[in-house]
Amino acid sequence: MARDAHVSELDSARALAPGAHADAHGTTFVVLATRPSSVAVRLCDDRGRPVRTVPLDRQDAEHAGRFARRIDGVLDGTLYDFVLDGEPTPDPYARFLPLGVHGPARVTSARRLAPLPEPPALHRWSVYELHVGTFSPEGTFRGALSRLDHLVDLGVTAIELLPIAAFDGARGWGYDGVALYAPHAPYGDPDDLRALVEGVHARGLAVIVDAVFNHLGPSGNYLARYAPEYFTSKVQTPWGDSPDFTWEPMRQLVLGSARRWLDDFGVDALRLDATHAVHDASPRHILREIADLAHALGRTVFFEDERNEPDVLDGLAADAVWADDFHHQVHALVTGERDGYYAAYEPTVRALAANIERGWTYEGQPYAPWRGRPRGKPARGIARERLVTCIQNHDQVGNRALGQRLSALCDLDAYAAAAMLALFVPSTPVLFMGQEWAASTPFLYFTDHGGELGASVSRGRREEFASFSAFADPALRERIPDPEAASTFEASRLRWEERESADGARVLDLHRAMLRLRRTDPVLSQACRDDELTATETRDGVLEVTRRRGADARRLVVNFGAHDAPFTRPPDARVLLATGRRADATLPPHAALLLALGPG
């Protein structure tokens, strides 16, 4: 190669992020590695067997730790890994890892996909949370694509994909991702993901992707081999050293990951996981920078954050935040459960009504799961659609020892009433896959690490519940499904035929009707201010929630009690929807009644 051409090649590489960058005639490989003294790229055949190794060139002092080289004839689809001081190492910036996170990456050309042309206003988002591996019989992006018409018929406006960045093994929830630019190979390749997003957009729905930036998984995380500076021992997490966002390459890694989902795959929103566990001492917090990036692209950002802090919305620029207090209040009320964090929630209608009116339960009170430290600040003034609520999600179901859904823990009437309430309140609702037909399948915790790590996960899962009264006996803990067993994963797969059962069809019709009202009703389809919302316990066990819009109002009355409750329908009221047994002058136990008041 002529010297001038070589200099031009290096100049071009300096403008590229780490990874493999293909063009029509070859690929430029770029590595950031502060620890190794020599770096090479190893090209492989289609089965991942090494074919040849090509040294990369160290760049000058101004670009310390950067190695690069362009290789003619290496085209889209070529498999490769890097060799650091003689040790083959996967590329943490890989765009696809077809043989798993411990194997070679595939050179993948950049391609952009447009987002939904007209995403819904925030108060019109109704989110359907799904795990790709257990949502369909196929457990793939294409399998999810084949089920989209069901979601259109259901009436949601967005789907939320649990994390799809590549993680260790074939099975898992996805929250231990290690290759933040690569779709998880067992779900499909990048084109399969694009096909899913295009299919969702063609049906007028938005796509949310869960992104995990508070840690990387315990297996397949090779970043520290390249540069220990990616992590800091100053902040410890349950997974070890925290990502160091004061180091610019780590910031650029996660910003590039966010841009990858938003730009290359046309995703409409990100849901950032456990943002309370994202630590950054920089003047501009990395969460704010991710939010600003998304907003610059016209996209939406949701935070999952347990702090109940308004500044998460304003200071960090989240569009909306998960508000799990609502779930905990509903769950404690309808199940009577008092184990774990449910002990911090009063299982009464009065407490649930206060949560609905105020936005969240903890506004600075001592919080037992935090060892009595104060939690939260008042939510008054926060637009209600900026609070995201549910009656179940993957966390609340899957973190249970046996993975039971709410519908398995209470009678069907109580479940239907809770679902009706969740879709009536003005916060942004999330439905967990299968809840619309009261799916009988659990959603269990499952992994696929193997070896000592897998054995440790299996032991730890059972030990985690030793303090729960139901599992105090070690023999009873043996009933907890083994996360590493393939049967645990298979048990979590939805059974779509359950939609046709009498109970399944009844609950499905209820969800359809409520989602239709959220889209079309002159009150429920609109944003709701604090002064347009009231929630009270009108008599023992009876909750009454009213939403107003001008002269019109919609009132949901739910009897959470065990006995018939006296009830007189206002003379100008029309019944829009009802659950449970019908009776004159009384509201039966666990029945819900939705009334229209006013001219509209």
Side-chain angles (χ1 to χ4, degrees), residues 306 308 322-363 365 367-369 375-376 379 384 387-393 395-397 399-400 404-427 429-432 435 438 468-470 507 510-511 514 533-547 555-565 567 578-581 587-594:
E306 65 180 21
N308 288 6
W322 257 233
D324 281 343
D325 283 354
F326 175 81
H327 167 274
H328 302 340
Q329 290 289 176
V330 171
H331 186 99
L333 178 61
V334 301
T335 68
E337 189 170 340
R338 304 294 286 157
D339 267 337
Y341 46 69
Y342 294 120
Y345 293 86
E346 182 185 329
T348 65
V349 169
R350 182 186 62 81
L352 176 57
N355 171 276
I356 292 169
E357 277 208 340
R358 300 187 67 83
W360 44 53
T361 298
Y362 280 87
E363 305 173 299
Q365 308 97 304
Y367 186 55
R375 175 180 173 227
R384 289 312 174 100
L387 302 179
V388 182
T389 56
C390 68
I391 57 168
Q392 54 188 343
N393 61 28
D395 267 329
Q396 310 306 340
V397 176
N399 286 335
R400 301 181 63 82
Q404 309 105 307
R405 295 166 177 268
L406 180 61
S407 51
L409 301 171
C410 64
D411 67 58
L412 197 64
D413 285 341
Y415 176 74
M420 203 163 164
L421 173 64
L423 293 172
F424 177 82
V425 294
S427 47
V430 171
L431 285 69
F432 181 51
Q435 89 164 57
F468 285 66
S469 57
V507 175
L510 172 69
H511 280 81
M514 284 303 301
L533 175 69
T534 57
T536 58
E537 182 178 26
T538 58
R539 57 185 61 84
D540 188 30
V542 176
L543 174 70
E544 190 173 283
V545 185
T546 303
R547 292 179 58 175
R555 180 170 298 158
L556 180 67
V557 186
V558 184
N559 181 7
F560 283 107
H563 306 286
D564 285 3
F567 176 73
T579 70
R581 176 172 55 85
L587 195 63
H590 302 163
L593 190 64
L594 176 54

Pairs touching residues 413-426 that satisfy side-chain hydrogen bond (donor to acceptor under 3.5 Å, both in side chains), sequence neighbours left out: Gln392-Tyr415, Asp413-Arg506

Under the 3.5 angstrom rule, does the side chain of [X] hit a backbone N or O of [Y] as a donor-acceptor pair?
| X | Y | answer |
| --- | --- | --- |
| Arg547 | Phe424 | yes |
| Arg338 | Tyr345 | yes |
| Asp325 | Tyr362 | yes |
| Glu544 | Thr536 | no |
| Thr579 | Ala592 | yes |
| Asn308 | Glu363 | no |
| Arg384 | Ile356 | yes |

Within the supplied structure, the quantity of interest is the number of heavy atoms (other residues, nucleotides, ligands) at a distance under 6.0 Å from Asp540 CG; does it exceed 12? no

So, using side chain to side chain contact (heavy atoms under 4.5 Å, CB included) as the criterion, who are the partners of Glu306 when residues are at least two apart? His276, Trp370

Do Asp411 and His590 have side-chain N/O donor and acceptor atoms under 3.5 Å apart? yes

Between Phe326 and Leu387, is any pair of side-chain heavy atoms under 4.5 Å apart? no

Between Phe432 and Gln396, is there a side-chain heavy-atom distance shorter than 4.5 Å? no

Could you check Val542 against Val349 for side chain to side chain contact (heavy atoms under 4.5 Å, CB included), going step by step and ending with a plain yes or no? CA-CA 7 Å; Val542 176; Val349 169; over 6 Å; no

So, applying side-chain contact (heavy atoms from CB on, under 4.5 Å) with Val388, which one of Asn393, Asp324, Val430 is it? Val430

How long is the straight-line distance from SG of Cys410 back to CD of Gln404, given to the nearest 0.5 Å? 12.0 Å

